Amino acid sequence: MFELLAKDGQTKARLGRLTVAHGVVQTPIFMPVGTQGSVKTLHPDDLENLGAQIILGNTYHLNLRPGMDTMGKLGGLHKFTSWDKPILTDSGGFQVWSLSKLNKITEEGVEFASHLDGTRMMLSPEISMQIQATLGSDIAMLFDECPPYPSDKDYAANSLALTTRWGIRCKEWVEKNKPRSGDGRQMHFGIVQGSSYADLREQSAKELVALDLDGYAIGGISVGEPEIEMMRAIENACPHLPEEKPRYAMGLGTPPQMLEMIALGVDMFDCVMPTRIARHGVVFTEDGPIHIKNKAYELDERPLTEGTHPSVARFSRAYIRHLWRAKEMLALRLLSFHNLHFYLQLMEQAREAIAAGTFGDFKEKFITRYNKNQKNK
RNA sequence: GGGUAGGUGGCCGAGUGGUUAAAGGCGGCAGACUGUAAAUCUGCUCACGUAAGUGUACGAAGGUUCGAAUCCUUCCCUGCCCA
């Protein structure tokens with residue numbers, strides 16, 4: 001169930017509450033990515049301390065390892081990973097793109113060669129939904145094809161049509177099998193495709209809306225397109241999605257991008273950026289990202305940012321830089337923790353601003369500072 | 001004292017007459033990363049110069065050669081073995 005609690009006075013931003021089997025999610029929300037049943041470097045207690053409300057898991061990766069026989073015997077992803085809050089699982093559609101050298105797309109589905117050992121494996125709408133049912137996620141994504149960027153219009157149109165046909169098959173499988181998540185019903189989100197073509201985005205959105213799903217995602221972005229194309233895809237899709245259903249921008253984004261997309265009416269985000277970039281030594285700050293490994297922080301006794309989490313604030317930049325250079329694992333963990341905290345705090349601030357009706361001002365102020373100091377950081 | 005193996009750019013380590021300012025790794029400096037095949041990948045790293053280029057450089061000094069990190073002589077230093 002999704003409830004719209006408030007709308008911003010200055011933008012199309014929405015404040016919402018999404019109730020799923022394992023709990024309640026306040027939107028707008030950022031969902032940390034835990035592809036293989038783990039948000040890299042972090043303990044579930046860390047995620048709780050960060051206030052993470054919902055995390056991701058991945059159909060493709062979890063199906064390869066540990067595999068669904070094992071997963072089924074062990075009671076599903078929540079029990080297996082000891083995380084009893086909401087989980088959203090991606091359908092594996094993105095891996096069709098990211099592992100595209102290893103797969104073959106047909107009407108039936110996608111045949112992969114496992115990136116682990118080359119074993120052939122089939123992913124289809126029915127198989128993806130079956131896997132996600134076994135995982136028992138709160139929200140399952142319909143199986144889609146994520147076309148590369150750039151795609152010519154013919155390819156994009158055919159791909160979108162395939163995604164729609166696959167979507168119908170997913171929906172039929174769900175109606176027949178009625179998958180559960182814990183004690184509740186599993187929800188299902190469709191994924192709008194259409195590449196960089198406004199009319200195709202509209203067509204895709206309308207075809208999926210006709211399926212009356214629980215929510216709608218915008219996909220086919222974060223595949224190497226310029227930022228302007230990314231924003232345009234969101235702009236082109238949002239107006240055709242129902243007000244009363246949650247909207248999810250898949251795989252995005254940077255802090256300013258997320259604020260811009262919230263202003264366009266997006267409610268949910270996921271992105272590997274905060275955690276991956278953390279493992280690569282980059283820290284999100286109110287003044288834009290900084291490379292903690294840089295010599296500039298050698299003697300910097302300040303915390304990572306003014307607003308960082310108390311458990312990280314006790315450490316100086318100089319110390320964390322040292323940990324990084326010494327290849328200490330604590331560096332990866334502290335930076336991952338901090339970056340997720342930064343993202344989750346940003347969402348909380350956004351929710352407060354929407355409730356106050358001043359999201360537009362908040363967004364402008366944040367982005368101005370974030371970008372301005374990039375030049376003279 | 002005798003024998004033996006060596007001394008190469010911040011460190012380790014290739015290279016045994018020209019295509020060598022000298023492989024590769026480490027270290028250092030910077031950058032990329034957007035539904036995670038990512039604790040990964042990329043660039044730069046002798047000096048001066050934007051560059052072409054110039055100058056220095058393979059323990060030291062001399063020599064052979066058109067040309068030497070590479071060959072010869074002497075010296076210095078280090079590891080190992082024997083006394």
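Throughout, a chain's letter reflects where its sequence line sits, starting with A, and its residues are numbered from 1. Just so you know, these numbers come straight off a predicted model, no measurement behind them.
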Undergrad: Under a 3.5 Å distance rule, please check whether A:H338 uses its side chain to pair with a backbone N or O of A:H309 as donor and acceptor.
TA: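 No.
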Undergrad: Give me the ring orientation class for A:F366 and A:F362: parallel if the planes are under 30° apart, tilted from 30 to 60°, perpendicular past 60°.
TA: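 It falls in the tilted class, 30° to 60°.
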Undergrad: Taking only heavy atoms on the protein side, list every residue of residues 217-243 of chain A lying under 4.0 Å from any atom of RNA chain B, sorted numerically.
TA: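 Hits under 4.0 Å, by residue number: A:G220, A:S222, A:M230.
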Undergrad: For A:Q186 and A:S181, which I'm curious about, is there any donor-acceptor pair between the side chains at under 3.5 Å?
TA: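 Looking only at side-chain atoms, A:S181 and A:Q186 do not form any donor-acceptor pair under 3.5 Å.
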Undergrad: Does A:Q95 have a side-chain nitrogen or oxygen under 4.0 Å from the phosphate oxygens OP1 or OP2 of B:G35?
TA: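 For B:G35, neither OP1 nor OP2 has a side-chain N or O of A:Q95 closer than 4.0 Å.
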Undergrad: Are A:Y216 and A:F189 close enough that their ring centres sit under 6.0 Å apart?
TA: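 Ring-ring flag for A:Y216/A:F189: false, centres at least 6.0 Å apart.
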Undergrad: What nucleic acid atoms does A:T41 come within less than 4.0 Å of, heavy atoms only: base, sugar-phosphate, or nothing?
TA: nothing
Undergrad: Using purine N1 to pyrimidine N3 plus N6-O4 or O6-N4 for Watson-Crick, or N1-O2 and O6-N3 for G-U wobble, each under 3.5 Å, what pairs with B:U54?
TA: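 Partner of B:U54: B:A47.
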Undergrad: Flag the pair A:F30 / A:F269 as yes when their ring centroid distance falls below 6.0 Å, and as no otherwise.
TA: no
Undergrad: Let me know which of A:T41, A:D46, A:T275 forms a side chain to side chain donor-acceptor pair (under 3.5 Å) with A:S336.
TA: A:T41
Undergrad: Checking all strands, does A:R325 fall into the base, sugar-phosphate, or nothing category for heavy-atom contacts under 4.0 angstrom?
TA: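 Answer is sugar-phosphate: A:R325 comes under 4.0 Å of backbone atoms only.
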Undergrad: For A:I191, report the nucleic acid contact type (base, sugar-phosphate, nothing); a contact means any heavy atom under 4.0 Å.
TA: base
Undergrad: Check this one for me: any side-chain N or O of A:N58 less than 4.0 Å away from OP1 or OP2 of B:A37?
TA: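 Looking at the OP1 and OP2 atoms of B:A37, neither is under 4.0 Å from any side-chain N or O of A:N58.
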Undergrad: Does OP1 or OP2 of B:A37 have a side-chain N or O of A:S98 closer than 4.0 Å?
TA: yes
Undergrad: Under 6.0 Å between ring centres: does that hold for A:Y60 and A:H115?
TA: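 Yes, ring centres under 6.0 Å apart.
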Undergrad: So, does A:N294 get its side chain near the phosphate of B:A30, meaning an N or O under 4.0 Å from OP1 or OP2?
TA: yes
Undergrad: Between A:H291 and B:C29, is there a side-chain N or O to OP1/OP2 distance below 4.0 Å?
TA: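 Checking B:C29 against A:H291, no side-chain N or O comes under 4.0 Å of OP1 or OP2.
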Undergrad: Sugar-phosphate means primed atoms, P, OP1 and OP2; the rest is base. With that split, encode nucleotides 38-47 of chain B 5' to 3' as B, S or - using protein heavy atoms under 4.0 Å.
TA: BBB-------
Undergrad: Looking across every strand, which nucleic acid part, if any, lies under 4.0 Å from A:D90 by heavy atom: base, sugar-phosphate, or nothing?
TA: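 Base: the residue A:D90, judged by heavy atoms under 4.0 Å, touches a nucleobase.
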